[in-house]
**Q** 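The structure's right below; bear with me while I get my questions together.
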2 protein chains.
Amino acid sequence: MGIKERKEREKNRRRDQILSAAIELTGQQGFEKTTMDEIAEKAELSKGTLYLYYKDKSSLYQAIKKRALQSLHQDFLTVLQQDKPGALLVKEMTSSFLDMIQKNITFTKAIMLYRGSESSDSDQQSSIAEKCLNIENDVNMLMVKAIQIGVQDGSITTKLDPKLLALQIGFQMRGLLQFYILDNKNMGVKIFKEQNLTLGELMDQFLNIHLNHVEKP
Amino acid sequence: MGIKERKEREKNRRRDQILSAAIELTGQQGFEKTTMDEIAEKAELSKGTLYLYYKDKSSLYQAIKKRALQSLHQDFLTVLQQDKPGALLVKEMTSSFLDMIQKNITFTKAIMLYRGSESSDSDQQSSIAEKCLNIENDVNMLMVKAIQIGVQDGSITTKLDPKLLALQIGFQMRGLLQFYILDNKNMGVKIFKEQNLTLGELMDQFLNIHLNHVEKP
DNA sequence: GCAGTTAATGACTATCAGTCAATAAATGGG
DNA sequence: CCCATTTATTGACTGATAGTCATTAACTGC
């Protein structure tokens, strides 16, 4: 009896149907502006059904975030499977990241700026949120891996523990992302334009410094 | 006739009364969880009055943010007035920043995670938001100043334009902040504990690399 | 085909941002 | 001091929307 299995598949399909609708609307209008009713309509389901598949709006947000992280993880994996110097792998990973955030600015803003958790009930964490953290860890691990390769093959010179270096590169990516999201009147943007830089070039400058660091004589 | 002036003062006092109430509640519960009714009650005013002083909840958020930025700006100014090597000034600025965010985590989260703008009506920008940007720019300028001092006195060695370096340090601060706010269960924290590092030490490592960069021979 | 189980529905409730007509307080000329 | 006018304050009301739940529909296996 494959009924259990079929039902499981159907459930997953519904879940996906809802998630896809939510992602599409979020990309168009932002997450805050998207209502559960709209998502229900787009998914061709009633609102009540939404709540059978996602505990609340915040869970749905976490699921969207999870999707994006999975995609990034996949990109990083693909990069890592190439046989190239570690330093190049790191650069390509950061490029993947920049590509992703530039693909849909509304979506990126939504993902980054929603305060999913603001003092959430600490004992009853959504399992999706947990999974997001796990994927984030995995992504970070891939960066660590690339750095280790680079240290081995000599393309990266650093005093830092690869884990710490990966962490700092992660900080920089986040910071750059925030900057990218923020208002255009920001002075940073002016500097940016003055010097005719792209996000990618800025990131490369950063990496050049960090991946080729030697002590001052 | 000092009546106009007195009325002006009273208006400012009201505005401040409201803002203080909002800041206190935000520090306790986060901004999202704080309702306009609660703020009104705490400020001993009716809700309608709140809206005479702040256009909407988002304006109030901007005002809170402005306060925090002013405080940071003041801290940076104080640092800059010392007669010390530029590299040290930069380090002290980042320390001030870390102190501020660690003072009240709920408040910091609220400030950083609220999406004030998500596709705001672009032509009708709140003037408070403008002021926030200006202060942010001023803060950034102080960092640039400190870097220039460091380049002059030889305590900082870098190929980068001081403005760009300040920008990158800014990215790192933002990234570190996000990390501090979001990833409490994340791998980063584990690394942290493994290596027994504080936020400040991590930042210092970063600065050591960036403020003492020489080309590999 | 029918009893029991599972899934889906949408009208309903609760909460909260924001409004506005009514009211109160302050002002200043006579 | 009085009253007309201006300015400030109020809180009941509205509208939007997240989330619920009793009811209905669909499916399952005997």
Side-chain angles (χ1 to χ4, degrees), chain A residues 1-19 21-22 25-26 29-64 110 114-118 120-121 124 126 128, chain B residues 1-18 21-22 25-26 29-64 110 114-121 124 126 128:
Chain A
M1 67 143 81
I3 286 176
K4 264 273 162 62
E5 288 75 4
R6 197 199 67 221
K7 284 213 163 181
E8 199 53 42
R9 273 202 311 280
E10 276 173 1
K11 270 193 180 179
N12 286 335
R13 212 161 44 74
R14 281 252 179 288
R15 217 184 290 279
D16 207 75
Q17 209 174 337
I18 294 168
L19 184 55
L25 289 167
T26 298
Q29 330 173 330
F31 185 72
E32 296 285 330
K33 285 208 172 61
T34 300
T35 69
M36 293 302 264
D37 287 280
E38 283 176 308
I39 296 169
E41 197 188 352
K42 182 131 215 150
E44 295 175 295
L45 291 168
S46 75
K47 185 153 69 147
T49 306
L50 254 58
Y51 284 90
L52 294 175
Y53 290 88
Y54 294 94
K55 182 174 131 278
D56 52 23
K57 200 183 177 191
S58 172
S59 298
L60 197 40
Y61 166 74
Q62 294 291 344
I64 293 175
Y114 184 66
R115 74 275 101 66
S117 44
E118 232 189 55
S120 59
D121 327 76
Q124 182 31 24
S126 130
I128 303 181
Chain B
M1 67 142 81
I3 286 176
K4 264 272 163 63
E5 287 75 4
R6 181 176 51 87
K7 284 213 164 181
E8 199 53 42
R9 273 202 311 281
E10 276 172 1
K11 269 192 180 180
N12 286 335
R13 212 162 43 74
R14 280 251 179 288
R15 216 184 289 280
D16 207 73
Q17 211 174 335
I18 294 168
L25 289 167
T26 297
Q29 330 173 330
F31 184 72
E32 295 285 329
K33 286 207 172 63
T34 301
T35 67
M36 294 302 265
D37 287 277
E38 283 176 307
I39 296 169
E41 197 188 353
K42 182 132 217 147
E44 294 175 298
L45 292 167
S46 75
K47 184 153 70 147
T49 306
L50 254 59
Y51 284 89
L52 294 174
Y53 290 89
Y54 294 94
K55 181 174 131 280
D56 52 22
K57 202 184 177 191
S58 172
S59 297
L60 197 39
Y61 166 74
Q62 294 291 343
I64 293 175
Y114 183 68
R115 76 279 99 69
S117 43
E118 232 188 56
S119 103
S120 59
D121 328 75
Q124 182 29 25
S126 133
I128 304 180

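Remember, predicted model here, so these are calculated numbers, not experimental data. Lettering follows sequence order; numbering is per chain, from 1. The analysis underlying the following values was restricted to heavy atoms, covering all of them including side chains, and did not include hydrogens, waters or symmetry mates.
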**Q** Using a cut-off of under 3.5 Å, enumerate the N/O to N/O pairs linking the protein to nucleotides 17-22 of chain C.
**A**
residue : atom : partner : partner atom : Å
C/dA17  : OP1  : B/K57   : NZ           : 3.3
C/dA17  : OP2  : B/M36   : N            : 2.9
C/dA17  : N7   : B/K47   : NZ           : 3.0
C/dG18  : OP2  : B/Y51   : OH           : 3.3
C/dG18  : OP2  : B/K57   : N            : 2.7
C/dG18  : N7   : B/K47   : NZ           : 2.9
C/dG18  : O6   : B/K47   : NZ           : 2.9

**Q** In this structure, how many angstroms lie between the P atom of D/dT9 and the CD1 atom of B/I18, rounded?
**A**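 To the nearest whole Å, that distance equals 9 Å.
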
**Q** How close or far is atom C1' of C/dA24 from atom CG of B/L52, stated in whole angstroms?
**A**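 Rounding to the nearest Å, CG of B/L52 and C1' of C/dA24 are 14 Å apart.
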
**Q** A/Y53 OH to D/dG19 P: how many Å, rounded?
**A**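 Computing the A/Y53:OH to D/dG19:P distance gives 18 Å.
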
**Q** For A/S46 versus A/A40, what's the shortest heavy-atom pair and its separation?
**A**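 For A/S46 and A/A40, the tightest heavy-atom pair comes out as C-CB, 3.9 Å.
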
**Q** Measure the spacing between OG1 of B/T35 and NZ of B/K47 and express it to the nearest 0.5 Å.
**A**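 Those atoms lie 7.5 Å apart.
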
**Q** Is the phosphate of C/dA7 approached by A/R13 (side-chain N or O, under 4.0 Å from OP1 or OP2)?
**A**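 A/R13 to C/dA7 OP1/OP2: no side-chain N or O under 4.0 Å.
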
**Q** Looking at A/F31, does the NZ or CZ of A/K57 lie under 6.0 angstrom from its six-membered ring centre and within 45 degrees of the ring axis?
**A**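 Yes, a cation-pi geometry.
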
**Q** Using OP1 and OP2 only, check whether a side-chain N or O of A/R15 sits under 4.0 Å from C/dA7.
**A**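 No.
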
**Q** What pairs of donor and acceptor atoms, side-chain ones from residues 7-15 of chain A against any protein atom, are under 3.5 angstrom apart with sequence neighbours left out?
**A**
residue : atom : partner : partner atom : Å
A/R14   : NH1  : A/Q17   : OE1          : 3.0
A/R15   : NH1  : A/Y53   : O            : 3.3

**Q** Tell me the interatomic distance from B/Q29, atom CD, to C/dC16, atom P, rounded to whole angstroms.
**A**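 So the CD-P distance, B/Q29 to C/dC16, works out to 10 Å.
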
**Q** So, does B/R14 get its side chain near the phosphate of D/dT9, meaning an N or O under 4.0 Å from OP1 or OP2?
**A**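 Indeed, a polar side-chain atom of B/R14 lies that close.
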
**Q** When rounded to the nearest 0.5 angstrom, what distance separates NZ in B/K55 from CG in B/L50?
**A**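 It is 14.0 Å, given to the nearest 0.5 Å.
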
**Q** Using atom CD of B/E41 as one end and atom P of C/dC16 as the other, report the distance to the nearest whole Å.
**A**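 Answer to the nearest Å: 13 Å.
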
**Q** Can you find a side chain N or O atom of A/K33 that sits less than 4.0 Å from OP1 or OP2 on D/dT17?
**A**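 For D/dT17, neither OP1 nor OP2 has a side-chain N or O of A/K33 closer than 4.0 Å.
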
**Q** Taking the minimum atom-to-atom distance to the side chain of B/K7, which one of D/dA8, D/dT28, C/dT9 wins?
**A**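 Comparing D/dA8, D/dT28, C/dT9 against the side chain of B/K7, the answer is D/dA8.
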
**Q** In whole angstroms, how far is the P atom of C/dT23 from the CG atom of B/L45?
**A**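 In whole Å, C/dT23 P lies 21 Å from B/L45 CG.
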
**Q** Using atom CG of B/L50 as one end and atom C1' of D/dT9 as the other, report the distance to the nearest whole Å.
**A**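 So the two atoms are 12 Å apart, to the nearest Å.
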
**Q** For the backbone of A/T26 and the side chain of A/Q29, can you confirm whether one donor and one acceptor N or O come within less than 3.5 Å of each other?
**A**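 Pair absent, no side-chain N/O of A/Q29 close to backbone of A/T26.
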
**Q** Please give, in whole Å, the distance from C/dA25 C1' to B/R6 CZ?
**A**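 The answer, rounded to whole Å, is 11 Å.
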
**Q** Hey, are the side chains of B/I18 and B/K42 touching, using non-hydrogen atoms and a 4.5 Å cut-off?
**A**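 A side-chain contact is absent here, since even the closest heavy-atom pair is not under 4.5 Å.
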
